[in-house]
Number of protein chains: 2
Amino acid sequence: MNQFREHIEAIVPLTDAEFELIYSHFSVRKYKKHQFLIQEGEPVKYAYFIVSGLVKLVYADALGKQHIVSFAMEDWWESDFGAYYTQSKAAMSLICIEDTEVLCLAFDDYHKLCATFHKMEHFFLMKSNFGHVGAQQRILSLLTTNAKERYAQLLKKSPALFQRVSKTMLAAYLGVSRETLSRLSA
Amino acid sequence: MNQFREHIEAIVPLTDAEFELIYSHFSVRKYKKHQFLIQEGEPVKYAYFIVSGLVKLVYADALGKQHIVSFAMEDWWESDFGAYYTQSKAAMSLICIEDTEVLCLAFDDYHKLCATFHKMEHFFLMKSNFGHVGAQQRILSLLTTNAKERYAQLLKKSPALFQRVSKTMLAAYLGVSRETLSRLSA
DNA sequence: ATTACAGTGTGATGTAAATCACAGAAACCT
DNA sequence: AGGTTTCTGTGATTTACATCACACTGTAAT
């Protein structure tokens with residue numbers, strides 16, 4: 001909770017009263033490894049702030065092959081935002097890689113927060129802007145580099161991930177086969 | 001200008017006075033085909049709203065090969081947002097494919113707009129959210145499909161593009177070589 | 001403890017797409 | 001109009017990577 005407050009205050013300062021009111025829009029939930037926060041085909045009720053743990057956002061293609069759109073860990077926000085913003089069915093699943101604790105924000109609470117606190121709208125704008133830029137960098141990485149370079153880039157950018165997720169999952173994130181990834185690290 | 005107002009009012013309604021004040025934060029500029037709106041390595045002063053015309057956001061890799069991060073046409077916003085938000089040097093170039101008219105928004109005017117008009121902050125939040133989702137879909141497309149499918153997807157999603165840009169550029173956008181693209185369409 | 005399964009490495013083979021190379025067609029100067 | 005540059009198609013060759021197949025390990029489940 002303090003961690004959450006600091007996370008917000010890194011962008012917008014808050015009074016105690018403001019924080020209390022903001023915090024009251026969230027609910028705490030805990031999940032075990034392998035549990036689903038979002039299941040493909042189901043409505044997406046919440047966006048999640050990860051307090052602790054690690055999750056993956058997974059898309060299963062027509063052949064059932066799993067692709068990892070993103071990982072999210074402590075202090076990250078995650079959801080199937082496409083479905084969340086349009087309040088439609090999930091195209092992807094959000095699954096725990098470790099036991100995970102989250103703060104859940106329902107869609108209308110998101111709007112209430114934005115409408116009530118100019119600061120929070122600003123906060124979310126900053127987050128969204130930088131999320132957008134991050135996604136664009138991933139596109140660039142996929143367009144410009146081969147598997148080996150992408151592996152090196154990720155190792156440099158998120159060394160923590162390598163301790164916490166299997167190589168199989170890293171491969172699904174990098175868009176390479178498991179076998180190729182195995183041969184790369186050598 | 002009416003077009004611009006409608007573009008904003010599709011998300012947030014405005015009074016005449018509000019629109020006037022908002023509009024005064026922008027400056028109009030016209031560029032010819034082949035001109036640069038943003039040059040790699042230079043500071044990024046503006047985000048652009050495209051009134052008419054067509055531009056490409058291009059990244060040149062270490063070998064000088066050109067990759068197209070995105071196209072932007074009428075009613076789109078474009079910039080090297082990574083550099084714009086952090087007010088640093090451009091990593092990419094923004095180049096006209098056709099004669100283009102834009103509305104320029106300087107970075108501090110962007111902040112002023114957001115600070116002054118809650119509505120505009122909301123407007124930008126919506127734009128950023130959907131931009132983020134769009135980028136994520138592009139990532140998914142790059143992860144899950146081969147060149148042929150990506151070509152088919154783009155043809156379905158943006159048929160207008162095919163009338164206005166060369167196949168060479170389409171290839172640079174799809175992440176395929178010019179030659180391979182040529183063989184695909186057959 | 002024994003089974004079961006996810007994770008990993010490594011060889012052999014197949015394939016999509018890159019690269020190299022050339023030529024004709026279209027668009028653009030001045 | 002004539003020359004330059006860009007765009008495009010098509011063949012031949014090469015390469016990065018996927019796929020298939022198998023074996024070994026560590027971890028979790030009963």
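Remember, predicted model here, so these are calculated numbers, not experimental data. Here is how names work: the chains are called A, B, and so on, in the same order as the sequence lines, proteins then strands, and each is numbered from 1.
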Revision key, fill the gap. With sugar-phosphate taken as primed atoms, P, OP1 and OP2 and all else as base, the protein-contact string of nucleotides 17-30 of chain D at under 4.0 Å (heavy atoms; B, S, -) is SBBB----------
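Judged as a salt bridge (charged side-chain N to carboxylate O under 4.0 Å, His left out), the pairs with a partner in residues 70-91 of chain B (not counting sequence neighbours) are, in order, B/Glu74-B/Arg164. Among pairs with a residue in residues 123-136 of chain A, those fulfilling side chain to side chain donor-acceptor pair (under 3.5 Å) read A/Ser128-B/Ser128, A/Ser128-B/Asn129, A/Asn129-B/Tyr85, A/Asn129-B/Tyr110, A/Asn129-B/Ser128, at least two apart in sequence or across chains. Pairs engaging residues 6-20 of chain A under the salt bridge (charged side-chain N to carboxylate O under 4.0 Å, His left out) rule: A/Arg5-A/Glu9, A/Arg5-A/Asp16, A/Glu18-A/Lys119 [sequence neighbours left out]. Within the structure, the salt bridge (charged side-chain N to carboxylate O under 4.0 Å, His left out) test picks out no pair touching residues 35-59 of chain A (sequence neighbours left out).
Considering only residues two or more places apart in sequence or on other chains, A/Asp99 meets the salt bridge (Lys or Arg N to Asp or Glu O under 4.0 Å) condition with A/Lys32. Not counting sequence neighbours, B/Arg29 has no partner by the salt bridge (Lys or Arg N to Asp or Glu O under 4.0 Å) test. Residues meeting the side-chain hydrogen bond (donor to acceptor under 3.5 Å, both in side chains) test with B/His67, sequence neighbours left out: B/Asp61. Remark: B/Tyr151 pairs with no residue by the side-chain hydrogen bond (donor to acceptor under 3.5 Å, both in side chains) rule, at least two apart or across chains.
Stem analysis of DNA chain D (at least three stacked-register Watson-Crick or G-U pairs, each with both distances under 3.5 Å) gives C:1-27 with D:4-30.
Summarising the geometry, the separation between NE2 on A/His34 and C1' on C/dC5 is reported as 11 Å, rounded to the nearest angstrom. For the pair A/Gln66 CD and C/dA6 P, the interatomic distance rounds to 12 Å; values are reported in whole Å. As a whole-Å value, the separation of B/Asp99 CG from C/dC28 C1' is 14 Å.
Listed in residue order, the members of residues 161-174 of chain B having a heavy atom less than 4.0 Å from DNA chain C come to none.
Members clustered with A/Leu63: none, using a 4.5 Å side-chain heavy-atom cutoff among hydrophobic residues.
A/His7 places no side-chain N or O within 3.5 Å of a backbone atom of A/Trp76 that could act as its donor or acceptor partner.
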